[in-house]
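In each ligand, atom 1 is the first atom listed, and ligand 1 is the first ligand listed.
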Amino acid sequence: MEMYPKKRKVLKFFVPGRLCLLGEHSDWAGMHRMVNADVLPGYAIVSGIEQGIYATVEQSDKFIVESTLPIFQDDRFEAEMDRDELLAVAKQGGFFSYVAGVASYINDNYSVGGLKITVTEMDLPIQSGLSSSAAICVLVARAFNQMYKLKMNTRGEMLVAFRGEQKTPSRCGRLDQACAYGIKPVLMEFDGMDVNSRQLEIGATFYWAIADLNSRKDTVRILADLNKCFPFATNEKEKKVQEALGTDNKAIIEQAITYLQEGNACALGQLMNRAQALFDEKVAPACPEELRAPVLHSVLQDENIRPWIYGAKGVGSQGDGTVQFLCRDAGSREKLMDYLQHEKGMRSFSLTLKPGQSVRKAIIPVAGFGTRLYPATKGIKKDFLPLIDRDGNIKPAILILLEQLEEAGIEQVCLVVGEEEQEAYEQFFRALPEEHMQKLNDEKRGYEEKIVRLGKKITYVHQQERLGFGHAVFQCRSFTENEPVLLLLGDMVYQSFSETNCSKQLVQAFEQCGKTLVGIHEVPENEVMHYGILYGQWENEEETLLKTDLIYEKPTRDYAREYLRVESAKKGTQYYAVFGQYVLTPAVFAELENNIRNNYMTGGEFQLTDALDQVREKYGLYGYKPNGKSFDLGLPEAYRQTMWVFGREQTLTTLC
Ligand code: UTP
């Protein structure tokens, strides 16, 4: 099945804006440590937001940026990939200076051609402290990276975006490029030129609202004035700025991490108020014209708003750009947003941070007929095929999967079955009649109770027509209730090489990266044509997390050799195929719905791979290599092998 043209012509991108919850300005302040070691490192808590910039990208001899969006007013940017020409535009300021700055940095450091970037949608307000400039810089860096296979990981793209923006008059810092992360709070540390980041756990749902103040601010001026207070403070005013962005900020961030973890929105709201008060007292005097911010303060002091919020503060470089509120709950946020729109004429949007996004639900589609195992499948479903597990018991594959899911902390499982098949599953998970129970020893009776308990976690949904794997997955949409879910194939079983089973490893990886995740494993070149293959760059030194640039279903060997070889510092080049486990985000279900509504099929079926690729384009997709192995049951020879090897723990690595 041919899903991509021989060569990719047009790539699509989405880069979100980001919201700095706390710790603004500490990024560039932390960089002054390079000159004055007494300056403290900066700390900030940042989250990606739902709004951003969408674009399509094509290769071109020149560097072109255009859009039919009204905001561009038919303005268009076109330049040769030439240092002087790009640099001259970068220095001028304005929207095109950002794209030119990044293109110029790329041009200086890589041998590449140009790009034609068409901005197709932009729902991110500009100049409002939500890093629209960093978003466009990351987008350009990512576009060059993917189009010319520059093999940068996310941090590499962030660095290029930063360096590009540094060529413009805007002096934005290092936290802006955090728009490369998902909707999860990330702690960033700025120590000289080093930037470290880690995702933060949160203990409850937090309801933010962000509103455009419909005013103006001069970021360049704010940054210029505040930078004058570094690296060495020469008077009381400058000392206070250093104090606010150093010791005070560190204490506030430490408190905020605790409140986020505890899910204590009330305390976090009060902390936001305190952070704003400190900023007004110690930082604003260094740039009073911009930071007095009358519009911001009139909103912060608005009595009508108080009942709906726990706290509020400015955003980004502060000033009269944007205001953020931590709301009491979803209902209060709705009232606040309505008030802002109708009473103040301020456009606002929401940001919901959910606890851990931990995965509680799993889905297993088992409605396929299993043509390749006919005639066995005339009498038995594939997932009821027996295997000997590690405990020596012979079990239907589905039971092995359910046990592993329980071990991974999954609370509910949805099985996609044909309507006529449900009874067989229910029968299996029903308690044995007393007559048979009596024949079992104590250990097996205990196990029988476990089977019944596992059965109680199952919800059945029906696939009326067998329209493909993606279609089967889509039947679980309402079961997911918009939570991320683990997806397992019904004709695979998994064995971990570590204490943590493969499903749990995937869930943990998802908690780290927060993006749609596809389990992957190495396959030899002569097998690529049988699987979905992922191509991308490793994000981490252990080479377990792959930022994916391409997912291609059953490629030819030649195509794979040219486009799908993943470079490894440890193992040369490798191919990575889908492992059989995934963590799907709500975005995948939205794409599946779209494809089903538009009757978009590949190979006569609604494919999950198509939806995953659409999600990759819009939001990013990661491959994750669990420490373990998947075993196929779907083909006669594979089943024979699986029967032989699966469950033989001691000898597994030598047998595989
Ligand atoms: P397969 O692609 O192996 O299809 O499905 P299949 O029908 O089971 O087997 P063959 O190709 O005819 O031999 C992978 C998983 O998706 C489920 C299957 O039950 C299996 O667990 N599936 C597939 C569905 O639930 N519905 C479908 O329409 C297709």
J.: Would you mind running through ligand 1 and noting each atom that sits below 4.0 Å from a heavy atom of Gly490?
T.: 21 (O)
J.: At their closest point, which heavy atom of Gly634 faces which heavy atom of Asp632, and how far apart are they?
T.: N-OD1, 2.9 Å
J.: Starting from atom 2 (O) of ligand 1, locate the nearest protein heavy atom and write down its residue, its atom name and how far away it is, to 0.1 Å.
T.: Arg372 NH2, 4.3 Å
J.: Looking only at protein heavy atoms, which one is nearest to atom 16 (O) of ligand 1, and how far off is it?
T.: Phe469 CD1, 3.2 Å
J.: Any side-chain heavy atom of Val366 within less than 4.5 Å of one from Val416?
T.: no
J.: Heavy-atom contacts with Phe369 under 4.0 Å: which atoms of ligand 1 show up? List them by number with element.
T.: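 So the answer, numbered in order with elements, is 7 (O).
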J.: Using a 4.0 Å heavy-atom cut-off, which part of Pro365 comes near ligand 1: side chain, backbone, both, or neither?
T.: both
J.: Which option, Gln463, Lys382, Lys381, owns the non-hydrogen atom nearest atom 27 (C) of ligand 1?
T.: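 Going through Gln463, Lys382, Lys381 one by one, Gln463 has the nearest heavy atom to atom 27 (C) of ligand 1.
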J.: Identify the protein heavy atom lying closest to atom 23 (C) of ligand 1, giving its residue, its atom name and the separation to 0.1 Å.
T.: Gly368 CA, 4.0 Å
J.: How close do Arg18 and Ile49 get, counting heavy atoms only, and between which atoms?
T.: N-CG1, 4.1 Å
J.: Of all the non-hydrogen atoms in the protein, which one sits nearest to atom 14 (C) of ligand 1, and at what distance?
T.: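 Here the nearest protein heavy atom works out to Asp491 OD2, 3.9 Å.
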J.: Measure from the ring center of Phe631 to the ring center of Tyr639 and say whether it is less than 6.0 Å.
T.: no
J.: Return a yes/no value for Gly634: is any of its N or O atoms, backbone included, closer than 3.5 angstrom to an N or O of ligand 1?
T.: no
J.: With Lys361 as the cation and Phe479 as the aromatic partner, state whether NZ or CZ is under 6.0 Å from the six-membered ring centre and within 45° of the axis.
T.: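 That pair qualifies as a cation-pi contact.
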J.: Are Tyr535 and Tyr563, when compared by the centres of their aromatic rings, separated by less than 6.0 Å?
T.: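 When the ring centroids of Tyr535 and Tyr563 are compared, they turn out to be at least 6.0 Å apart.
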J.: If I compare all heavy atoms of Ala367 with all of Gln463, which pair ends up nearest, and what's the gap?
T.: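 Shortest heavy-atom separation between Ala367 and Gln463 comes out as CB-OE1, 3.2 Å.
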J.: Should Val416 be counted as touching ligand 1, given the test is an N or O pair under 3.5 Å?
T.: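 No, since none of the N or O atoms of Val416 sits under 3.5 Å from an N or O of ligand 1.
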J.: What's the shortest distance from atom 25 (O) of ligand 1 to any protein heavy atom, and which residue and atom give it?
T.: Ala367 N, 2.8 Å
J.: Once you restrict to heavy atoms under 4.0 Å, what part of Leu467 touches ligand 1? Side chain, backbone, both or neither.
T.: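 The backbone, only.
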